[in-house]
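One structure below.
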Protein chains: 2
Amino acid sequence: MLDERKRQVLFAIVRDYIQTAEPVGSRTIARRYEFGIGAATIRNEMADLEEMGFIEQPHTSAGRIPSDRGYRYYVDSLETLPELTVVDATLIKRHFGGRLRGHEVVLEATARLLSSLTNCVSIVIGPSAAQTRLKVMQVVPLNELSAVLMLVADNGLVASEVVRLPEGLSVVDLGEVCRVITAHYQGRTIDRLHEMNFGAFAGGIGVRAETFERAMDKLISGLERLEGERVVLGGATNILNQPEFKDLAKYRDVLKVLEVQELVQKLVATSTTNPYSVSIGAENHLNEMRDCSIITARYTISGEGIGHISILGPTRIEYPRVLSLLNYISKLIGQG
Amino acid sequence: MLDERKRQVLFAIVRDYIQTAEPVGSRTIARRYEFGIGAATIRNEMADLEEMGFIEQPHTSAGRIPSDRGYRYYVDSLETLPELTVVDATLIKRHFGGRLRGHEVVLEATARLLSSLTNCVSIVIGPSAAQTRLKVMQVVPLNELSAVLMLVADNGLVASEVVRLPEGLSVVDLGEVCRVITAHYQGRTIDRLHEMNFGAFAGGIGVRAETFERAMDKLISGLERLEGERVVLGGATNILNQPEFKDLAKYRDVLKVLEVQELVQKLVATSTTNPYSVSIGAENHLNEMRDCSIITARYTISGEGIGHISILGPTRIEYPRVLSLLNYISKLIGQG
DNA sequence: CGTTAGCACTCTACCTTGATGAGTGCTAAC
DNA sequence: GTTAGCACTCATCAAGGTAGAGTGCTAACG
């Protein structure tokens, strides 16, 4: 599709622009990357590349910058991930060195680390609780009127929900229900619990079926929301250091999206077939993100499910390095 | 300290500047607020006010803007809170109308509401768990190696922590410890649990005292962190609409502070004597906040403790209106 | 004596202008 | 096919110039 020389020129443009954030001209390429052709020749190649949609010109008489398509070609051409630089590797090791226990803490620490390494926004999403399994349901009475329902998953996550005791229902009854549910459903994955018909149990103890059903639903959703799917952002201000965001309006829109957790989850949601995914510019379906790229890696904590870590930055992001970073760190998290 | 006319002039400057964000000149005051004196007279008064430190001049031949001290005087002179406007009141009512249960949801909804009403950053801090009381400690086994320790407070909050079972300690033993702790400490407030010496219990069952102590500490802190003290930010981007933040550097610094939860808590931490507190400009001890004001109100959910809601904006914030809003909403939250 | 009108002065914001330089596209020569 | 040369285009930046807002001072007024 592209002959060797066009590839060389395109890659030079991409790399240079990623580094400098300045439109790159034919002279620059000829001088800085010496592959034995003159500036004029490069200009011809550039004209071709532009026609093919790989690069663009901000205005006549500026250099060229890669288009979404150009970045895409570049990323798809990356065969192997580069080694981490020594600096990166030691920083990561220091950061993960020893200690660090507890889901929440790890997520936050990772987010901070990633954002400081990349000067971009990092998004860390905790392992989904969907695939964890029910261990126990319990109830603890608070007073005559209310009690706490608790659901413990086999990975140690706990969801709790305060419920008002329906008239005539004692805590003892509720405890009995919990025992029955535990006996019946222990070992089921959380996402399948949604489909269960808890109302049936309620009948036996004189609670209105739908009331009980609703409480259970909330409880299960609570667990999913609790840690699984937990979204941690890091360094939302870092992106301000990037020259492309010196104009406020653009930045505001991006930040506004990041404030809405559901949108963030949608952005990170990836095809499950690949361990990485890269969304470049307009490939993100959110219009506000049309000048951003999102690189996501999956991590798996054995027995706890699947989570994601992402880096969001300008389309001019350092793809190879970020991919390597994410690759390395996602494995580190997986090992726990 | 200030004679009536100086007060009038000062207040006119403050009000006008709050509205327009433009330095206000003597003519403007003479025309817009007619208290029967000419521009020249006002100029004299302004010169005095400046010397006294209530107003400042960005540069020769610009109008005056209030200084921190000017705002302070203005705020301290507010005797009664103004009525909410009809618009504000209906918006609030609609937002809180019906439903809305569960701590987390209420906090988030409130944050969103406040930020959209004020075009400022809102900070909502959940009720502190410090004053809630221990209800039950429990343990649930996960597998041969680990178990979940759970601490239930009397307001229904639950903290959990996965612990590795020390060699030779069975879950049964741990359950026994929980029972003993529950029996001993039920009804103690969470903040006092910190001081307890849990190590003593460990001795009886052959666990190393400090190991156990550490796990308990984490558990208790976990509870405090869980919902109590939970910090929810709303509309961090709204502040971008304020003209004073059109210069990025300032905004970046503010946002950076907001990313660090501990700093936010410190900012909101108020003297406990007063139901409101207003921190103006340099009164915030953080240098990055020297151009911001923070208005905080306390709310009390009976039996759950004390929380805070704050609005952070430029020093040019609409003090009376925001105070009224916070007053109204904090009471609404309190009623649950 | 406090108040006010008038005036000269100051400073910012904004626009225009012109110079500079980076970069392109085209053409003609190698 | 490649390259040097040249005319042309734009963005950026500094300089200059104007308009407008606002001040401080002074002298007159009631």
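Here is how names work: the chains are called A, B, and so on, in the same order as the sequence lines, proteins then strands, and each is numbered from 1. Just so you know, these numbers come straight off a predicted model, no measurement behind them.
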What's the [atom1]-[atom2] distance between [X] and [N], to the nearest Å?
X: A:Ile55; N: C:dG25; atom1: CD1; atom2: C1'; value: 14 Å
X: A:Asn44; N: C:dT24; atom1: CG; atom2: P; value: 11 Å
X: B:Gln57; N: C:dT10; atom1: CD; atom2: C1'; value: 10 Å
X: B:Arg32; N: D:dA21; atom1: CZ; atom2: C1'; value: 13 Å
X: A:Ile65; N: C:dG23; atom1: CD1; atom2: C1'; value: 15 Å
X: A:Glu51; N: C:dT24; atom1: CD; atom2: P; value: 16 Å
X: B:Ile42; N: D:dA21; atom1: CD1; atom2: C1'; value: 16 Å
X: A:Arg5; N: D:dT3; atom1: CZ; atom2: C1'; value: 11 Å

Would you kindly compare A:Met46 and B:Ile37 by the position of their nearest DNA chain C nucleotide and give the one closer to the 5′ end?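 It is B:Ile37, whose closest nucleotide lies nearer the 5' terminus.
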
Among C:dT4, C:dG23, D:dT23, find the nucleotide with the atom closest to the side chain of A:Thr28.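 Within the option list, the nearest is C:dG23.
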
Short side-chain N/O contact from [X] to OP1 or OP2 of [N], under 4.0 Å:
X: A:Arg31; N: C:dA22; result: no
X: A:Thr41; N: D:dG1; result: no
X: A:Arg43; N: D:dC6; result: no
X: B:Arg64; N: D:dT23; result: yes

Which residue in the set B:Glu51, B:Glu56, B:Glu50 passes salt bridge (charged side-chain N to carboxylate O under 4.0 Å, His left out) when paired with B:Arg64?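 Going through B:Glu51, B:Glu56, B:Glu50 one by one, the salt bridge (charged side-chain N to carboxylate O under 4.0 Å, His left out) with B:Arg64 is satisfied by B:Glu50 alone.
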
Would you say the side-chain atoms of [X] and [Y] include a donor-acceptor pair closer than 3.5 Å?
X: A:Arg252; Y: B:Asn241; value: yes
X: A:Thr85; Y: A:Asp88; value: yes
X: B:Arg316; Y: B:Gln19; value: no

Tabulate protein N/O versus nucleotide N/O from nucleotides 11-16 of chain D, keeping only pairs under 3.5 Å, one per line.
none

With both pairing distances under 3.5 angstrom for Watson-Crick or G-U wobble, and | for a partner in another strand, the correct string for DNA chain C is ||||||||||||||||||||||||||||||

My understanding is that only one of A:Val24, A:Thr315, A:Ile55 makes a side-chain contact (heavy atoms from CB on, under 4.5 Å) with A:Tyr17; could you say which?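 Exactly one option meets the side-chain contact (heavy atoms from CB on, under 4.5 Å) with A:Tyr17, and it is A:Val24.
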
Check the angle between the aromatic planes of B:Tyr251 and A:Tyr251 and answer parallel, tilted or perpendicular using the 30° and 60° thresholds.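 Rings of B:Tyr251 and A:Tyr251: perpendicular, over 60°.
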
How are the rings of A:Tyr71 and A:Tyr319 set relative to one another: parallel (under 30°), tilted (30 to 60°) or perpendicular (over 60°)?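 Correct class here is tilted.
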
Return the set of residues passing side chain to side chain contact (heavy atoms under 4.5 Å, CB included) with B:Lys6 (not counting sequence neighbours), or none when no residue passes.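 Here the qualifying residues are B:Leu2, B:Asp3, B:Glu45, B:Asp48, B:Leu49, B:Met52.
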
Reading DNA chain D from 5' onward, which residue's closest nucleotide shows up sooner: B:Gly63 or B:Ala40?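 In this pair, the answer is B:Gly63.
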
For salt bridge (Lys or Arg N to Asp or Glu O under 4.0 Å), just list the numbers for A:Lys256 and A:Glu259, CA-CA rounded to whole Å, side-chain angles, deciding distance to a tenth of an Å, and then say yes or no. CA-CA 5 Å; A:Lys256 211 159 218 161; A:Glu259 279 187 352; over 6 Å; no

